[in-house]
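Read through the structure below, which is laid out as structure tokens, and then see the notes.
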Amino acid sequence: MTDVSPEAADIVVIGAGFSGMYALHRLGGDYRVVCLEAGDGVGGTWYWNRYPGARVDIESAEYSYGFDDALQQEWRWPELFAAQPDLERYANHVADRFGLRDRIRLSTRVTRMRFDESANLWHVWTDRGGYLVCRYVIAATGSLNASNTPPWPGRENFAGQVLHTTEWPREGVDFRGKRVGLVGTGSSGVQAAPIIAEQAEHLFVFQRTPAFSMPSGNRPVDPDYERDWKANYPERRKQMLQTYGASLVKYPTLSALECSKEEQDRILEEAWHSRSAFQLLVAFRDVLTDMAANDVVCEFVRGKIRQIVNDPRTAELLCPTTYPIGGKRLCIDNGYYGMFNRDNVTLVDARAAPITAFCEEGLRTMETTWPLDVIVLATGFDALTGAMTRIDIEGEGGMRLREKWQSGPTTYLGSMVAGFPNLFMIHGPMTPSAQAQMITTGEWQVDWTARIIEEMTRDGKTRIQTDETAERWWQDELSQVASATVHRHADSWYRGSNIDGKADVFMIYVGGFVRFAELCNAALDEGYRGFTRL
Ligand code: N01
């Protein structure tokens, strides 16, 4: 197959993002672990997404590692919501502090994997030419890593620059004096737009579907806030794992429909200023399960948009009306709606007149041509499955993962796929993914995976696999909890419906992190239910 001699490892971790680095740290003491990373630096999501305005949408006190108390006591976040450079600095600090660098191969993309059934070993090829042979692979490839670029023709004709938010030049971009077209109004577009508007001669925001967004309330961290978190970290980390989204918000018991209008407004006003998107989505117990209750929150946010945006036509265009709040990821912003009051910002309705092509001058829509100097694509990701299906993964009997997943992903507990033994995913499809705070839940999933590997070693086993019965059970569980929520009423990357030709199936576990963790633990505690160990 190849004349290069393989390198042996116990475990290959794919990705040096936050989960991959923790997997390397967690298992690296007892096993020979090699971590392969496509980027030339660590940090994963926070390495790639360096567009202007990129920052976390959950407070950094929560969205940070909890596995090492000295780390959380010593590290200082400058702002409540850390910006990308601070998150990347944190990732580098962790790599150095825990001595991870010598086992991370940067600029090394995994291109192909094949399971050797006779030896129960994975062969892992990279674009660097060599290959590794290992017992286990942990794919810490992230939920949002494979970027989506619309297939418009004519890119070669455009004289200006085309950028994607997920592949931003390290040296940054100077927008001064430029006419900038920003396509996409999800979390990335909503964060980037206000910063670009401050620099550009003119910013045209091409909106196909308006986003719901709420203000982050970001500010520098004050000493009392920091002291309070540091005094309570261990307890709060435990509490996070006992919540729906691994995030500390208030979980009210009231239904939106049993409150008076005044009471609804008071509760929603508080949630609007809570600095937590989760809080707005659980302001009442039924926001995510009842369309009428959901609409109370939608109408509240639409009211905010109409208050903030001066031009009534622009305000109406910015008001989402076609899907429930929370059906798509709720954005959290720093001045997005207010930005439309600037003279140098124009909202373009890319639903009424869809973009059809790049052209020499800029972008062409069904109606007209928009002259531009720079085009920024904030068009999102082939989410959840893309990172895995872009690798050529061959399991038992020559089965290819991308073929198996053609009609949508199948997994057991979001961790393993039938036909692909000894391969684990972190934040894979059918996990809570972005429905929960991802650093903490990533750590949890790594610990759970580490337990499996350690018990395999203890018991002298070399192969663990799941089967289609277990996959069907997990699919039923996922569908059942999803059918009780409003998510099915929105097109989004949660369903793959943002990608042309991708199977439209709901891919996120929305039963809450607590239930997810209980089911994962129960499977192991009750004799590795759904798994076979050989
Ligand atoms: O991607 P998206 P994103 N013509 O898929 C539009 C996380 N995140 O990168 O809705 C015109 O949400 C598309 O329109 P439509 C977070 O979990 C977190 O912004 O498909 N428009 C949509 O408006 C988030 O949910 C953070 O009609 C086109 C946009 O592009 C996830 O990443 C920051 C188009 C894509 O929105 C993804 O966010 C950033 C076309 N042909 C991201 N194709 C934080 O932590 C697509 N669009 C803060």
Side-chain angles (χ1 to χ4, degrees), residues 18 44-46 48-60 62-63 80-84 87 142-153 164-168 181-193 204-214 216 218 245 247 275-278 318 320 322-323 326-334 336 347-358 363-366 370 375-384 386 427 432-439 487 490-500 502 504 508:
F18 283 92
T45 287
W46 298 108
W48 295 103
N49 290 272
R50 52 183 72 241
Y51 58 84
R55 64 173 71 243
V56 67
D57 59 2
I58 294 175
E59 287 180 45
S60 298
E62 287 193 358
Y63 186 88
L80 293 183
F81 294 85
Q84 180 273 336
L87 284 149
S143 298
L144 296 154
N145 137 307
S147 58
N148 167 46
T149 301
W152 304 314
H164 198 295
T165 46
T166 62
E167 291 148 17
W168 206 259
L182 172 78
V183 184
T185 53
S187 299
S188 304
V190 160
Q191 285 192 325
F204 299 87
V205 177
F206 291 81
Q207 170 189 277
R208 189 165 69 179
T209 311
F212 282 105
S213 187
M214 63 173 271
S216 74
N218 187 35
S247 179
R275 304 195 301 254
S276 165
F278 282 125
L318 285 167
T322 55
Y323 64 94
K328 289 175 187 276
R329 169 85 166 188
L330 178 58
C331 304
I332 185 156
D333 71 86
N334 295 290
Y336 177 67
L347 182 63
V348 180
D349 187 350
R351 171 74 63 187
I355 300 166
T356 53
F358 294 98
L363 283 174
R364 185 166 295 144
T365 67
M366 301 274 275
W370 294 87
I375 297 171
V376 175
L377 300 174
T379 44
F381 301 87
D382 177 0
L384 296 156
H427 289 316
S433 181
Q435 285 289 302
Q437 190 261 97
M438 292 185 82
I439 295 193
H487 293 96
D491 285 337
S492 72
W493 62 262
Y494 297 175
R495 280 174 39 182
S497 50
N498 62 325
I499 303 292
D500 287 345
K502 186 166 175 176
D504 183 354
I508 292 202

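Atoms considered below: every heavy atom in the structure, side chains included; atoms not considered: hydrogens, waters and symmetry mates. Each ligand, and each atom within it, is numbered from 1 in the order the structure gives.
- Remark: minimum distance from atom 1 (O) of ligand 1 to any protein heavy atom is reached at G380 CA, 3.2 Å.
- Remark: T185 pairs with no residue by the side-chain hydrogen bond (donor to acceptor under 3.5 Å, both in side chains) rule, at least two apart or across chains.
- The distance from atom CZ of F206 to atom CG of L363, rounded to the nearest 0.5 Å, is 5.0 Å.
- Short contacts between ligand 1 and G184, defined as distances under 4.0 Å to a heavy atom of the residue, involve ligand atoms 6 (C), 23 (O), 29 (C), 30 (O).
- Shortest non-hydrogen contact noted between N49 and F381 is OD1-CZ, 3.9 Å.
- Ligand 1 has no atom lying under 4.0 Å from any heavy atom of F206.
- Under 4.0 angstrom from ligand 1, the non-hydrogen atoms of T185 come from both its backbone and its side chain.
- Tested against Y494, the residues R329, Q435, K328 include a single side chain to side chain donor-acceptor pair (under 3.5 Å) partner, Q435.
- Taking a cut-off of under 4.0 Å to the non-hydrogen atoms of A378, the atoms of ligand 1 that pass are 29 (C), 30 (O), 35 (C).
- Heavy-atom minimum distance, R275 versus E59: NE-OE2, 3.0 Å.
- The two residues V183 and W152 have their closest heavy-atom pair at CG1-CH2, 3.7 Å.
- Proximity of a side-chain donor or acceptor of H164 to a complementary backbone N or O of T149 within less than 3.5 Å is not detected.
- If you take NE2 on H427 and CD1 on I439, they are separated by 8.5 Å, rounding to the nearest 0.5 Å.
- Counting only heavy atoms of the protein, atom 12 (O) of ligand 1 lies nearest to G186 CA, 3.7 Å.
- T365 and A353 make their closest contact through CB-O, 3.5 Å (heavy atoms, listed as atom of the first residue, atom of the second, distance).
- In this structure, CG in D504 is found 11.5 Å from CD1 in I499, a value given to the nearest 0.5 Å.
- Close contacts of ligand 1 with Y51, meaning ligand atoms under 4.0 Å from a residue heavy atom, involve 33 (C), 39 (C).
- For F81, the closest heavy-atom approach to ligand 1 does not fall below 4.0 Å.
- For the side-chain contact (heavy atoms from CB on, under 4.5 Å) test, residues two or more places apart in sequence or in another chain that qualify with S60 are V56, W77, A82.
- Residue R208 holds the heavy atom nearest to atom 47 (N) of ligand 1 of all those in R55, R208, R351.
- Residue-ligand proximity, V183 to ligand 1, at heavy-atom distances under 4.0 Å covers atoms 11 (C), 21 (N).
- Summary of contacts: the protein heavy atom closest to atom 32 (O) of ligand 1 is L144 CD1, 3.3 Å.
- Atoms of ligand 1 lying under 4.0 Å from any heavy atom of Q191, numbered from 1 in the order shown and given with element: 33 (C), 48 (C).
- Scanning the protein for heavy atoms near atom 9 (O) of ligand 1, the closest one is S188 OG, 2.6 Å.
- Shortest contact from atom 31 (C) of ligand 1 to any protein heavy atom: W493 NE1, 3.5 Å.
- With a 4.0 Å heavy-atom cut-off, ligand 1 is reached by the side chain of P150 but not by its N, CA, C or O.
- Here's the thing with T209: one of its N/O atoms is less than 3.5 angstrom from an N/O atom of ligand 1.
- Counting atoms of ligand 1 from 1 in the listed order, those under 4.0 Å from a heavy atom of K328 are 10 (O).
- The shortest contact between atom 24 (C) of ligand 1 and any protein heavy atom is with S187 OG, 3.5 Å.
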